[in-house]
Protein chains: 2
Amino acid sequence: MLHTTIMTALLKDTFDRKKQFASKRQAVIVEAGQAFRRRGYHNASMTEIAANLGLTKAALYYYVRNKEEVLYECHLMAYDAMDRILKAKYNGVTALDKLEALFVEFVKMLTASGVSLLTDVNSLGAENKADVLARRGKIERKIIRLVREGQKDGSIRDGDARLHVFFFMGALNWLNAWYDASGRLNGEDIAAHFALQMRAGIGS
Amino acid sequence: MLHTTIMTALLKDTFDRKKQFASKRQAVIVEAGQAFRRRGYHNASMTEIAANLGLTKAALYYYVRNKEEVLYECHLMAYDAMDRILKAKYNGVTALDKLEALFVEFVKMLTASGVSLLTDVNSLGAENKADVLARRGKIERKIIRLVREGQKDGSIRDGDARLHVFFFMGALNWLNAWYDASGRLNGEDIAAHFALQMRAGIGS
DNA sequence: AATAAATTTGACTCAAGAGTCAAATTTATG
DNA sequence: CATAAATTTGACTCTTGAGTCAAATTTATT
């Protein structure tokens with residue numbers, strides 16, 4: 001009994017500590033991601049990111065190995081979010097319907113959360129870069145497959161499915177360049193508009 | 001007579017020299033632009049760009065003031081090209097027709113020439129950044145105006161014209177991320193496909 | 001060939017920012 | 001309070017790449 005209480009206390013402690021550490025680390029990644037988005041990877045210094053969190057640069061390095069790792073995790077976070085969206089089941093009889101629902105979620109996610117699609121993939125080392133591009137490729141292929149499905153069920157117009165996808169993925173990636181959370185357009189509106197435009201663009 | 005021949009020789013000479021200088025300088029900008037596109041502004045070093053041209057870094061600096069200026073000129077070059085396209089008169093009775101013709105030219109230009117839309121606008125100093133964003137804004141507004149015109153003449157579906165435009169401008173900017181000149185898709189095909197998708201996306 | 005201008009270079013300087021580390025400080029627990 | 005682990009810090013080091021400059025070299029002209 002005494003033994004177990006000690007154990008549980010110990011476990012709870014280490015668990016809490018690990019949770020604390022993990023969530024602080026997460027905060028670092030998110031803050032860095034926003035800095036990267038606003039100012040670009042190379043223009044955002046680790047010192048600056050630390051300061052935004054009320055920390056010193058040296059303290060940052062308690063949570064992350066190096067800057068590149070942070071960029072890498074930012075990319076992964078975005079692709080994880082997209083994967084989660086892709087994994088969910090969407091209602092709608094046609095593939096186009098599903099694609100639309102998916103697209104809405106993408107836009108809402110990108111306008112709402114701290115997650116953003118970064119473009120600076122060349123600042124990653126060969127290993128991480130390959131990894132990130134593989135993740136991106138996987139997602140793109142999944143969407144392309146959905147488009148092909150739509151071309152079979154007749155909901156999506158014929159034509160190069162890859163081009164269909166690259167076109168509207170561009171809209172997603174371009175969001176970062178102009179979307180301003182404090183602007184008059186909210187994420188829901190943009191999502192609705194973009195979904196409609198995407199659908200019209202490839203629907204048959 | 002003697003006088004005039006001397007003068008003309010002198011003028012011709014300086015003219016040639018200036019032309020030489022200008023075209024070499026242009027080559028520097030173009031090469032740098034390609035390097036920036038491939039590797040990102042900060043990852044592409046001046047030494048590397050010089051080497052690609054068979055020069056030394058010091059020689060590069062005979063042609064340009066500094067790296068930022070080069071980035072600035074790359075942006076201007078792209079916007080100049082877009083301005084030229086925007087200035088031309090396009091056939092087609094509806095605004096949508098004109099927009100489509102325009103869009104085709106944009107895509108062809110971006111897939112063909114050394115010109116490319118760069119995204120690293122944050123690496124510019126305040127002055128140049130404002131300038132570049134102003135140029136971009138001007139172009140966007142012109143296109144938005146055309147979209148509004150289309151909404152009046154009934155060729156373009158109603159809805160926020162800015163969003164209509166941001167959507168397909170994303171496709172343009174995303175080109176850099178995936179387009180490979182040595183790939184199986186050529187610029188003309190992409191232009192045709194994208195034009196169709198753009199048109200379908202906002203046509204009424 | 002002599003000359004003058006244009007072009008190129010090797011060998012620098014300099015600043016910025018990534019990353020380190022031993023020591024100080026804070027936090028949780030008995 | 002004493003202690004041990006976790007966290008944070010100031011004060012470094014080190015590398016990279018931008019930018020400079022006086023001198024060398026090339027080019028065009030008479």
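In what follows, chains carry the letters A, B, and so on, assigned in the order in which the sequence lines appear, proteins first and then strands, with residues in each chain numbered from 1.
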Paired with C:dG10 by Watson-Crick or G-U wobble geometry, both distances under 3.5 Å: which nucleotide is it? D:dC21
Listed pairs under 3.5 Å, donor-acceptor, residues 50-58 of chain B side chains, sequence neighbours left out:
residue, atom, partner, partner atom, Å
B:N52, ND2, B:E31, OE2, 3.1

Take the protein atom [atom1] of [X] and the nucleotide atom [atom2] of [N], then report the distance between them rounded to whole Å.
| X | N | atom1 | atom2 | answer |
| --- | --- | --- | --- | --- |
| A:K18 | D:dA6 | NZ | P | 10 Å |
| A:L53 | D:dT7 | CG | P | 15 Å |
| A:E48 | C:dA18 | CD | P | 9 Å |

So which heavy atom on [X] is nearest to which on [Y], and how close?
| X | Y | answer |
| --- | --- | --- |
| B:S116 | B:A78 | O-CB, 3.8 Å |
| A:N43 | A:E48 | O-OE1, 3.6 Å |
| B:A161 | B:I144 | CB-CG2, 3.9 Å |

Could you label the plane-to-plane angle of the B:W178 and B:F194 rings as parallel, tilted or perpendicular, counting under 30° as parallel and over 60° as perpendicular? tilted
Please determine whether side chain to side chain donor-acceptor pair (under 3.5 Å) holds for the pair A:S123 and B:H42, giving the CA-CA distance in whole Å, both sets of side-chain angles, and the decisive distance to 0.1 Å. CA-CA 9 Å; A:S123 301; B:H42 287 282; over 6 Å; no
For a quick check, with a 4.0 angstrom heavy-atom cut-off, what is the B/S/- contact string for nucleotides 8-22 of chain D, read 5' to 3'? BBB-------BBBB-
